[in-house]
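Encoded as structure tokens, the structure appears first; notes follow it.
Note on naming: letters A, B, ... go to the chains in the order of the sequence lines (proteins, then strands), and numbering restarts at 1 for each one. Keep in mind that what you see is a predicted model, and the values were worked out from it rather than measured.
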Amino acid sequence: MHPYRTHTCAQLSAENVGETVRLSGWIHRKRDHGGVLFVDLRDHYGLTQIVADSDSPALAVLEGLRVESVITIEGTVKARVAETVNANLATGAIEVFARGVTVQSAAEELPMPVADEQPYPEDIRLKYRFLDLRRETLHRNIMTRVAVIADMRQRMGAVGFNEFSTPILTASSPEGARDFLVPSRIHAGKFYALPQAPQQYKQLLMVAGFDRYFQIAPCFRDEDPRADRLPGEFYQLDLEMSFVTQEEVWETMEPVIQGTFAAFAGDKSVTPAGKFPRIPYDEAILKYGSDKPDLRNPLIISDVSSHFTQSGFGLFEKIVGGGGVVRVIPAPATHEKSRKFFDDMNDWARKEGYAGLGYVTRKGGEFGGPIAKNHGPERMAELYAELGLGENDGLFFAAGKEADAAKLAGAARIRVGEELGLIDESRFALCWIVDFPFYEWNEDEKKVDFSHNPFSMPQGGIDALNGQDPLTIKAYQYDLVCNGYEIASGSIRNHMPETMVKAFEIVGLSKADVEERFGGMYRAFQYGAPPHGGMAAGVDRIIMLLCGAKNLREISLFPMNQRAEELLMGAPSPAEPRALRDLHLRVVEPVGKVSQTS
RNA sequence: GCGGGUGUAGCUCAGUCGGUUAGAGCGUCGGCCUGUCACGCCGAAGGUCGCGGGUUCGAGCCCCGUCACUCGCGCCA
């Protein structure tokens, strides 16, 4: 007989009654009735009830063990009598009568429960992550993660992509996020950087003629986290294709992404492949106030500035006269809502740092609120007719400089949608946001900057760079958005050296700068580079959506906390003086702050 | 870097207007219990009310500072 087990804890059924078996696992729960004792024995696969009574030498041993101790049970499979069958358990028709027990590893008193899903403080969960990972939900989420990644690999392979591993110790990329640096021992004063993404390597693979690359790629960025952004490291489904237009990237990836979503969506619907809406960036900002709109929210923002060029409502007239805009978010069927509902929204907007969120109420056709009063009921009715709003619909107003108003309107759209329960939770709504601006105006430095990706191809190519106002140039650049989360981002790359040089010139960088900062890639483009493009999808975020988790820590094995500490292993930690010497480093403590070590 | 929220037993939380010895449930420990499956019953231990300062006759409660966790802004090409 196998020293540890003949079956897993999910395997035994009525068919095994009478067999002598061996099971190993953790003591999930223990119910001690004195003369008879039950143990729910748990392994990765499931639970089996173990029973011991005074006839069994196992009774005394099990009585003395704490939960989460690891044991091996040898015993006989018994059918449960009808009244004691547990329909909630896969193995609930049987139990194993323990004849002998071996303690493989006794557990101390636990710092946190395993057989219980009660919320627990993050720092304890992270410090005892091995216990946390035993808990049902997290254990299941991690297995979903494993399955999603395997599914992605399979689908990518099926459409002709090959998985390549690119270097982890690489060169610092001067654009973008803050790098994690690794000091060089051999080269004093020089540093490797961990890749923020395999961007340049995957483009080099295209130049090297490999045609279709993908990788479940670890990426490293030293930026502050969010609930949907892990500190330090994360994974991307990174891919690149040669000789493609952006439409081909979308057409190739829609079935892959849709397929993976559908495979794990449970009873939620997923936007069909080939039907992902393609929304230009400018339109997204106008209609949704965001470049990552949640399309489950039916509310659409409208620009009503033209209605306020002349208005009894002086504030809006002044804003529009000064080049600003007035945008509105409908609040359908809010005639029963109290004044507090509307005032609370305004308070919320002010708390978020905006000037305020105006509103008009409407009940049975009657307008209410100061904006309606001053603007006048006839003009309000005109505006309502244009927007197609009914006699019980309210309206929120976001006014100011265009970018601010759009942002406030976007935030208000989300909040109104949630408050009114308008979000359709039963689906994954996917869309592409396309035609991102290539450049943007940097108000602080009074100069033009790259808006997103300096490697992407400007629409119109070098002619556009030469002849057009830079701020009107679009890029062949796109994001994939699901339920308000940006889940992928990509572009057709700029593979032409002279176009690259021109593109960087506009943000004030010379040819020499390009050669210095992107030397490898720039050099590669001198020797025959195929037109190429691709994208990178946030694996963690996709898994979070599919698991219905609100936080990336719920789908990650050993995540760092918000201060980028890994509490289980204790990272980061101070280095030995000798290691610092080898690396030619000396630590300079920040003034006024003592670094904490544990 | 900035802002919001939270901080009371190992955990989840209650704690009235600032007023007696700070409570409950879960967990832990001890005892009892031969059919439970979130077993039950009895008992016990367990508290620098995050920390420091202040106001007050008196502070878990009010004020100031600070720390931790968390959510957001900046940031994330």
Side-chain angles (χ1 to χ4, degrees), chain A residues 28-42 47-56 59 63 66-67 78 80-89 91-92 95 97 108-128 173-179 196-197 199-200 219-232 234 348 350-354 407 411 436-440 442 444 449-456 475 477 486 489-491 503-504 507 509 517-518 536 538 550-551 553 561-563 565 567 593-594 596 598:
Chain A
H28 187 64
R29 282 202 174 88
K30 206 167 75 169
R31 293 175 293 279
D32 187 351
H33 294 245
V36 63
L37 176 148
F38 302 94
V39 164
D40 291 334
L41 193 67
R42 184 195 75 240
L47 290 173
T48 300
Q49 175 163 282
I50 308 298
V51 59
D53 63 20
S54 46
D55 294 337
S56 168
L59 180 68
E63 272 182 332
R66 289 195 183 84
V67 290
K78 286 172 55 183
R80 298 202 202 181
V81 296
E83 309 87 78
T84 62
V85 164
N86 185 345
N88 298 321
L89 207 58
T91 59
E95 61 193 0
F97 182 82
E108 295 293 326
E109 187 184 326
L110 299 176
M112 59 175 289
V114 171
D116 192 320
E117 294 278 314
Q118 107 169 239
Y120 236 70
E122 284 285 342
D123 50 349
I124 294 175
R125 292 182 58 193
L126 294 176
K127 187 171 175 187
Y128 296 95
S173 162
E175 299 290 329
R178 200 177 290 119
D179 281 317
Q196 298 178 21
Q199 180 68 33
Q200 296 189 58
C219 303
F220 306 89
R221 293 177 191 176
D222 190 5
E223 294 293 345
D224 290 340
R226 293 286 182 276
D228 67 346
R229 202 169 76 207
L230 283 168
F234 59 100
W348 159 80
R350 297 179 78 97
K351 215 172 115 188
E352 293 284 307
Y354 298 100
K407 201 171 164 203
F436 275 79
F438 192 49
Y439 294 110
E440 65 187 12
N442 182 332
D444 292 340
D449 266 347
F450 286 112
S451 165
H452 288 83
N453 189 334
F455 303 109
S456 62
Q477 160 127 22
E486 177 197 318
S489 187
S491 66
F504 278 86
V507 301
L509 292 170
R517 296 183 185 204
F518 310 105
K550 292 275 182 278
N551 191 301
R553 286 186 298 272
N561 66 11
Q562 295 288 80
R563 297 184 61 207
E565 294 166 313
L567 298 176
K593 275 199 175 179
V594 182
Q596 279 195 339
S598 51

*asked:* Going by side-chain contact (heavy atoms from CB on, under 4.5 Å), A:Arg42 matches just one of A:Thr48, A:Leu47, A:Val67. Which one?
replied: A:Leu47
*Roughly how far apart are A:Ile50 CD1 and A:Phe38 CZ, rounded to 0.5 Å?*
11.5 Å
*Under-4.0 Å salt bridge between A:Arg229 and A:Asp224*: no
*For atom P, what is the distance between B:C64 and B:G5, given to the nearest Å?*
12 Å
*Quantified in whole Å, what is the C1' atom distance between nucleotide B:G40 and nucleotide B:U34?*
13 Å
*With heavy atoms under 4.0 Å as the rule, sort A:Arg66 into base, sugar-phosphate or nothing.*
sugar-phosphate
*Between CG of A:Asp123 and CZ of A:Arg563, what distance do you get to the nearest 0.5 Å?*
11.5 Å
*With a non-hydrogen cut-off below 4.0 angstrom, is A:Glu109 in contact with a base, only sugar-phosphate, or nothing?*
sugar-phosphate
_5' priority, RNA chain B, between A:Glu223 and A:Asn551 [closest heavy atom]_ = A:Asn551
*So what's B:C49 paired with, Watson-Crick or G-U wobble, going by both distances under 3.5 Å?*
none
*Could you label the plane-to-plane angle of the A:Phe450 and A:Phe438 rings as parallel, tilted or perpendicular, counting under 30° as parallel and over 60° as perpendicular?*
perpendicular
*asked:* Within the 4.0 Å heavy-atom criterion, would you say A:Phe38 contacts the bases, only the backbone, or no part of the nucleic acid?
replied: base
*Which part of the nucleic acid, if any, lies within contact of A:Asp222, taking any heavy atom under 4.0 Å across all strands shown: a base, the sugar-phosphate backbone alone, or nothing?*
nothing
*Using a cut-off of 4.0 Å on non-hydrogen atoms, how would the nucleic acid contact of A:Asn561 be classed: base, sugar-phosphate, or nothing?*
sugar-phosphate
*asked:* Any base atoms under 4.0 Å from A:Ser456, or only sugar-phosphate, or nothing? Heavy atoms, all strands.
replied: nothing
_Touch class at under 4.0 angstrom, heavy-atom based, for A:Pro225 against every strand present_ = nothing
*Selection from B:C73, B:U34, B:U70 that lies nearest to any side-chain heavy atom of A:Lys407*: B:C73
*Side chain of A:Arg31 (C-beta onward), nearest among B:C39, B:G35, B:C69*: B:C39
*Give none if B:C41 has no partner; otherwise give the nucleotide forming a Watson-Crick or G-U wobble pair with it, both distances under 3.5 Å.*
B:G31
*Any donor-acceptor pair under 3.5 Å joining the side chain of A:Asp224 to the base of B:G74?*
yes
_Using the side-chain heavy atoms of A:Arg229, tell me which of these nucleotides is nearest: B:G74, B:C29, B:U36._
B:G74
_Is there a side-chain contact between A:Arg553 and the phosphate of B:C69, meaning an N or O under 4.0 Å from OP1 or OP2?_
no
*asked:* For A:Ser56 versus A:Phe97, what's the shortest heavy-atom pair and its separation?
replied: CB-CZ, 4.1 Å
*asked:* Please pick, from B:C26, B:A68, B:C11, the nucleotide with the shortest atom-to-atom distance to any side-chain atom of A:Asp116.
replied: B:C26
*Specify the residue among A:Thr84 and A:Gln562 whose closest nucleotide of RNA chain B lies further upstream toward the 5′ end.*
A:Thr84
*Any N/O donor-acceptor pair, A:Asn86 side-chain to B:C37 base, under 3.5 Å*: yes
*asked:* Using a heavy-atom cut-off of 4.0 Å across all strands, would you classify A:Glu95 as base, sugar-phosphate, or nothing?
replied: base
_Complement of B:G5, any strand, by Watson-Crick or G-U distances under 3.5 angstrom_ = B:C69
_Going by purine N1 to pyrimidine N3 plus the second Watson-Crick contact, or the G-U wobble pair, all under 3.5 Å, which nucleotide sits opposite B:A59?_
none
*Kindly indicate whether the side chain of A:Arg226 and the base of B:G74 share any N or O donor-acceptor pair separated by less than 3.5 Å?*
yes
*Is the base of B:C37 touched by the side chain of A:Arg80 through a donor-acceptor pair closer than 3.5 angstrom?*
yes
*Measure from the side-chain heavy atoms of A:Arg29 and tell me the nearest of B:A38, B:C69, B:C37.*
B:A38
*Once you apply the 3.5 Å cut-off to both distances, tell me the Watson-Crick or G-U wobble partner of B:U16, or none.*
none
*With stacking defined as ring centroids separated by under 5.5 Å and planes differing by under 30°, is A:His33 stacked against B:C39?*
yes
